Amino acid sequence: MNDSNDPRAASPGRPAGAGIAARALAARGGPVAAPPADYLAGLNPEQRAAVETTEGPVLVLAGAGTGKTRVLTTRIAHILATRRAYASQILAVTFTNKAAREMRNRIGLLVGGEVEGMPWLGTFHSIGVKILRKHAELVGLKPNFTILDTDDQIRLIKQLIQAENLDDKRWPARTFANLMDGWKNRGLTPEHIPEGDARAFGNGRGRELYRAYQARLLSLNAADFGDLLLHPIAIFQNHPDVLADYHRRFRYILVDEYQDTNVAQYLWLRLLAQSSEARVAEGIRTVNVCCVGDDDQSIYGWRGAEVDNILRFDKDFPGSTVIRLERNYRSTAHILGAAAHLIAHNEDRLGKTLFTDFHDPEHEKVTVNAGWDSEEEARAIGEEIEQLQRKSHALNDMAILVRASFQMREFEDRFVTLGLNYRVIGGPRFYERQEIRDALAYFRCVCQPADDLAFERIVNTPKRGLGDAALKLLHEYARAKTMPLIEAAGDLVQGDELKPRPRAALAEVVRNFARWSSLLPTMRHTDLGEMILDESGYTEMWQADRSADAPGRLENLKELIRSMDDYESLPGFLEHIALVMDAEQNAETDAVSIMTLHSAKGLEFETVFLPGWEEGLFPHQRSLDEGGRSGLEEERRLAYVGITRGKKRVKIWFVSNRRIHGMWQSTIPSRFLDELPEDHVDVLEPSTSYGGYGAGGMGGYGASRWDQNAFSASSYQTPGWRRAQAAGGGGSTYAGGRGQAIRYGEGGVAGSEPASRTASKADRYISRDGRPVGETGFDEPAAPTFDRSGFAGKLTDPLSANRSRGSNMPARKGGGLYASARAGGPRDIEGSLVAKSVADEESRFTVGDRVFHLKFGNGTVALIEGNKLTVDFDRAGQKRVLDGFVEAV
DNA sequence: AACATCCCTATTTTT
DNA sequence: TAGGGATGTT
């Protein structure tokens with residue numbers, strides 16, 4: 001494991017001479033030990049402590065916006081400058097390529113751009129690959145193994161499931177992939193998975209499938225993402241000499257985003273960070289591991305991250321120093337105040353309080369805005385953006401952060417009509433596009449003749465007349481001879497088992513690959529790439545395609561070839577793209593960013609819009625269902641991440657109606673809204689242009705909704721909200737009461753529940769001035785720009801929907817996102833209703849019934865499909881709605 | 001092999 | 001609603 005760029009390789013021992021970094025710094029005068037070196041200038045005392053405490057285990061709890069990356073990079077610069085280690089002796093791990101890139105750049109800036117090194121700065125996975133390539137044979141791989149992506153993985157699993165004679169409908173490959181992913185995240189090999197897990201899939205054959213999968217990977221000379229960690233762990237565990245080599249090498253270990261590490265990463269890290277004889281022999285007596293993270297920003301539990309890793313750091317590394325970074329340099333006091341108050345509702349946290357000196361009476365409070373439906377939300381936010389733009393705020397400084405990607409569409413639609421520039425971050429990636437993956441499959445076959453998965457992908461793409469029959473023959477032959485498919489194809493075309501036409505087609509494929517492979521060592525890889533795509537007929541296939549996206553695909557293929565230019569060779573390129581699935585976004589044009597809260601972590605914007613704060617969506621119902629209290633806490637951290645992205649302005653929205661899977665459902669405000677502190681939050685009336693609402697417009701319904709029923713405490717409307725806050729009793733601890741009580745059996749809200757059920761119909765329809773309204777409300781003229789405003793006052797008591805739904809909502813799943821969220825309370829308490837609903841297939845309605853819907857008014861039932869009704873509404877036309885949302889009239 | 005039709009499902013996402 | 005996947009039809 002001698003790196004050629006490691007000066008220590010030849011002569012072990014303490015670094016003898018100044019590293020490049022140290023030289024660069026020393027040149028600026030004075031011995032490096034003399035404080036303060038200029039890279040330390042400007043650090044606050046805590047940051048400085050985090051940088052200078054180089055020896056022993058250190059945990060840096062870095063709150064949002066407290067200069068985490070700065071600490072990390074400065075610490076590395078400091079280690080280099082003080083000659084504690086060479087760049088090649090520092091292991092620095094991040095989660096994303098982006099983070100690794102940024103660190104590399106910033107270290108470069110700090111030490112004067114001359115550090116060519118830091119060979120061990122990278123993501124867990126890229127470092128894992130590096131280690132695995134060196135010792136591949138120890139786990140039965142060849143050093144040039146391929147890295148499978150999810151797509152390949154699924155196809156492979158599917159084959160295995162079919163090979164086991166299991167019904168792949170009943171046991172979807174996708175599900176097993178997730179299951180296996182979970183095992184790998186926890187560092188579990190087939191022998192170690194819990195019996196229950198093993199039984200849970202494929203008629204109890206989970207373990208066998210996992211085993212078969214791993215065996216198949218070895219025969220394909222391939223590893224999946226999980227293996228990039230698991231194999232190194234196995235190597236370290238089974239080959240102490242190899243581990244000792246790494247112990248001698250790594251003097252300093254740094255980990256970014258420690259709160260996101262999973263068990264496998266933790267094990268990997270712990271092995272590398274162990275104190276060992278090898279280290280002691282090198283004069284290293286302490287484990288110089290520094291983990292940086294923020295437990296409050298742990299949002300990847302669903303992906304296997306263990307917040308626990310950060311919570312018990314001091315137990316893993318006894319004698320550790322914990323440094324808290326709490327001075328925030330990003331946001332206003334209002335924003336921090338709101339975020340802090342919210343996150344304080346979490347129990348599982350180490351506890352930090354961010355503070356700032358950034359006070360200014362001009363600062364805006366965090367706003368909470370109510371909207372009628374998601375269309376209005378998009379419209380109003382669009383308008384606010386345009387207003388800011390008129391006040392010469394750059395679009396680049398604004399972002400819309402959503403909980404789920406389906407929310408994006410509404411904004412996109414709206415912005416397109418407004419002609420407002422936007423960019424969607426995340427979403428389908430370049431390297432995941434079909435045409436790119438096809439092209440890559442060709443390249444993989446050329447570099448890796450054993451890559452059956454790649455071969456399968458493209459044998460008949462473009463169409464070559466190789467149908468099921470021919471491929472089945474090929475597979476059987478290959479299996480019988482245990483040889484790769486390409487090789488099998490080479491044999492098969494010699495014989496006469498194949499019909500003439502497929503035989504000729506396959507022969508050509510074989511010939512082509514042989515030729516391309518032979519050109520690999522000599523031809524420029526970009527030219528070869530182009531040649532492959534042309535000669536295979538792949539380019540032609542898209543040229544002939546008349547569909548609208550074909551030109552774009554051709555463009556992507558060109559881009560692919562172009563980007564190959566940045567790499568040495570075809571294999572080098574393939575390696576890169578296997579690990580780096582992100583494509584750079586251009587920040588050239590001024591545009592609003594739209595992204596999920598997850599992908600916003602680490603970013604910051606002057607103005608942040610947070611739409612969709614509604615129960616069921618945020619917190620997401622599924623997190624609640626699957627994660628219980630910790631699921632809720634993770635959602636709350638997500639909210640915290642969202643708020644703390646804002647520097648100057650944070651604008652939260654919730655609406656009363658949202659369209660889910662094409663059907664309108666009414667929603668109730670997120671419990672997180674109740675967890676925001678009054679003094680940092682302004683509750684606003686909609687500021688949009690449509691008339692008719694005026695002062696008290698939304699207020700009316702809000703008050704009616706919350707004041708009349710169990711949710712009174714959650715009313716954001718003054719005076720209702722204030723009153724509730726002041727009263728403190730009743731339902732004022734909304735979070736601990738309603739939502740959670742149900743789930744965690746704390747007793748529920750027995751008192752409030754019957755009240756809500758017996759509320760009269762009049763209670764439910766309260767006009768904006770607080771008067772109960774009847775049918776006449778529908779006769780109000782619609783405001784010109786807003787077709788539903790005629791219904792303004794009436795809607796919105798969520799309980800009416802709850803109540804009316806009752807009987808025929810399927811247990812949890814079928815109820816849909818919002819339905820089950822809202823139904824959560826009363827129904828689960830009663831239990832029997834749930835049970836009844838499962839069995840009760842019959843609708844309460846029959847075709848021809850007159851019904852009333854909160855959103856669409858009166859109508860006639862035209863069709864009933866389970867709990868879905870098609871209703872001809874008098875005003876709104878024909879709509880499909882869940883029957884829980886209409887009432888008989 | 002291309003096209004039609006039915007059925008099912010429906011977070012967050014990096015590597 | 002919409003999109004994918006699997007199945008059936010020509």
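Computed from a predicted structure; not experimentally measured. Within every chain, numbering begins at 1; the chains are lettered A, B, ... in the order of the sequence lines, protein sequences first and strands thereafter.
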What is the distance from CG of L597(A) to P of dT12(B), rounded to the nearest Å? 11 Å
Could you state the CZ-C1' distance from R409(A) to dT1(C), rounded to the nearest angstrom? 8 Å
What form does the base of dT12(B) take, syn (within 90° of 0) or anti? anti
Any base atoms under 4.0 Å from E635(A), or only sugar-phosphate, or nothing? Heavy atoms, all strands. base
Determine: side-chain N/O of K169(A) to OP1/OP2 of dT9(B), distance under 4.0 Å, yes or no. no
Which of the following nucleotides, dT13(B), dA10(B), dA1(B), is nearest to the side chain of H661(A)? dA10(B)
Identify whether a stacking contact exists between F95(A) and dT15(B), where the ring centres must be under 5.5 Å apart and the planes under 30° apart. no
Nearest-angstrom distance from the residue atom CD of Q434(A) to C1' of dG3(C): 14 Å
Which of the following nucleotides, dT15(B), dT12(B), dA6(C), is nearest to the side chain of W302(A)? dT12(B)
Is the ring pair W302(A)/Y300(A) parallel, tilted or perpendicular, if the boundaries are 30 and 60 degrees? tilted
Using a heavy-atom cut-off of 4.0 Å across all strands, would you classify K184(A) as base, sugar-phosphate, or nothing? nothing
Contact class for S405(A) (heavy atom, under 4.0 Å): base, sugar-phosphate, or nothing? sugar-phosphate
Identify which one of I299(A), L401(A), L597(A) satisfies the side chain to side chain contact (heavy atoms under 4.5 Å, CB included) criterion when paired with V641(A). I299(A)
Anything under 30° is parallel, anything over 60° is perpendicular, the rest tilted; go ahead and classify F201(A) against F176(A). tilted
Indicate whether OP1 or OP2 belonging to dT15(B) is found under 4.0 Å from a side-chain N or O atom of T150(A). no
Gap between atoms CG and P, on L603(A) and dT13(B) respectively (whole Å): 13 Å
If you only use heavy atoms from C-beta on, which nucleotide in dT15(B), dT13(B), dT11(B) is closest to the side chain of T123(A)? dT15(B)
Measure the distance from CD on Q621(A) to C1' on dA10(B) and round it to the nearest whole Å. 14 Å
Is there a side-chain contact between L638(A) and H598(A), using heavy atoms and a 4.5 Å cut-off? yes
Nearest of dT11(B), dT15(B), dA1(B) to any side-chain atom of N460(A)? dA1(B)
Ignoring hydrogens and geometry beyond distance, is the side chain of R403(A) in donor-acceptor contact with the base of dT12(B) at under 3.5 Å? yes
For a quick check of understanding: with a heavy-atom distance under 4.0 Å over all strands, which category does G128(A) fall into, base, sugar-phosphate or nothing? nothing
Between K463(A) and Y300(A), who's closer to the 5' end of DNA chain B by nearest nucleotide? K463(A)
Measure CG/N262(A) against C1'/dT15(B) and give the value in whole Å, please. 11 Å
Would you say T596(A) reaches dT13(B)'s phosphate, i.e. side-chain N/O to OP1/OP2 under 4.0 Å? yes
